[in-house]
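Just so you know, residue 1 is the first one in the sequence shown, and it goes up from there. On a predicted model such as this, the values are computed, not experimentally measured, just so you know. When a ligand or atom number is given, it counts from 1 through the structure's own listing order.
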Amino acid sequence: VTLVEKTNTRKTLWRLNKQDSSSSARTGTLQTLHYTLETPAFMPVATGGSVKALTPEDLIHCGVEIIVANTYHLYLRPGHKIIERLGGLHKFMNWNRTILTDSGGFQAYSMVEFRKITENGITFRSLINGSEHILTPELAMEIQNSLGSDIAMILDECLPYPATMEETARSMELTLLWAKRCKSAHRGENQALFGIVQGGMFKNLRRECTEQMLKIGFDGYAIGGLSVGEERDLMLEIAEYTAGMLPPSSIRYLMGVGKPEEIVDCVSFGIDLFDCVIPTRNARNGSLYTWSGVIHIKNAKYSEDESPIDYQCRCYTCQNFSRAYLRHLWINHEPLSFRLNTIHNVFFYQELLAEIRKSIENNNFEEFRRNFKNTYGGEE
Ligand SMILES: [Zn+2]
């Protein structure tokens with residue numbers, strides 16, 4: 001593979017608006033082809049081309065401005081060429097705001113039994129029909145280009161936790177090699193490309209990977225390989241360390257994080273973008289977010305509770321339905337339970353990020369963080 005260095009001619013993708021004076025928290029504006037939004041922002045996960053149970057109108061009601069779609073799922077079904085012929089993913093799913101696509105590496109790695117990783121790419125068998133595929137850096141770029149997402153991610157290798165320093169170093173070298181091949185293969189002036197910093201739980205490797213990624217040069221930088229089973233304190237330590245090495249002028253995306261209290265901490269490290277399946281997955285499990293913590297709607301104590309999930313919440317679900325009704329829907333496996341619960345949790349996450357942005361703009365983020373920690377009690 002010949003590596004051709006490309007000059008980035010795209011206009012600035014992200015710009016800093018306000019830097020907090022007492023932490024690394026900041027607000028910024030992310031400009032993409034389809035939509036412009038303020039950061040820090042949270043991206044709900046639209047695995048197979050939908051945020052489960054929600055319509056695009058629901059997402060807009062919740063204040064969602066950017067979503068993540070999974071390359072692996074859309075590549076296997078219906079296929080990226082079909083989506084391209086149908087006008088791209090935005091048109092296919094009728095979503096006119098920003099879409100970020102992952103590279104498919106994480107799913108190809110984690111969701112299949114038969115896989116092999118070589119320098120060339122990830123060989124795996126489809127869960128749908130057993131067919132064999134090789135996800136190369138070039139194919140990861142081709143798929144994301146066909147989907148027409150606003151932001152594409154490089155193919156990286158995801159290591160299980162724990163891993164030795166030797167394994168982690170070898171894996172990081174592979175990610176760096178793939179990063180160069182992704183940059184060479186990436187096309188489309190309208191699509192940004194983000195690099196991903198790996199290096200596991202080793203600070204020396206995180207430093208080396210950051211330096212090499214910056215040398216290759218991307219439109220933004222993600223921190224990958226965290227929230228893979230390590231202790232929360234270790235995740236926070238590595239996230240803070242890595243974020244601190246990324247240039248203040250670049251957008252920083254922490255992949256796969258997280259719970260509300262983790263997001264609040266990671267914003268203080270200067271993280272601008274988050275994604276996680278937990279608000280949507282928990283909604284379907286009946287775990288609902290409130291400003292004082294998570295409640296489990298199946299609990300018998302809610303069977304005659306006429307209050308909304310959260311009095312402070314202005315979402316469609318809280319404006320119209322009681323905890324008693326939501327418990328009834330959940331107990332009876334009514335499909336409406338998925339929709340109403342998901343609307344609330346997605347709305348809650350968007351409100352949390354909006355409050356964070358507001359507090360940074362008003363220069364009282366640390367106060368917001370302290371108050372949040374005092375009132376938010378985690379799980380009931
Ligand atoms: Zn609500």
Worksheet, complete the sentence: Residues at least two apart in sequence or cross-chain that pass salt bridge (charged side-chain N to carboxylate O under 4.0 Å, His left out) with R357, listed by chain then number, are none
Worksheet item: What's within reach of the Zn ion (ligand 1), meaning protein N/O/S atoms under 2.8 Å?
Response: C313 SG, C315 SG, C318 SG, H344 ND1
Worksheet item: Would you say the side chains of N120 and T118 form a donor-acceptor pair under 3.5 Å?
Response: no
Item to complete: Sequence neighbours left out, what pairs pass salt bridge (Lys or Arg N to Asp or Glu O under 4.0 Å) with at least one residue falling in residues 83-101?
Response: K81-E84
Worksheet item: Between F42 and Y349, what is the ring plane arrangement, given parallel below 30°, perpendicular above 60°, and tilted in between?
Response: tilted
Worksheet item: Can you list every pair that meets salt bridge (Lys or Arg N to Asp or Glu O under 4.0 Å) and has a residue in residues 275-303, with sequence neighbours left out?
Response: K301-E380
Practice prompt. Before accepting this row, confirm whether a basic side-chain N of the pair K358/E355 lies closer than 4.0 Å to the acidic partner's carboxylate O.
Written response: yes
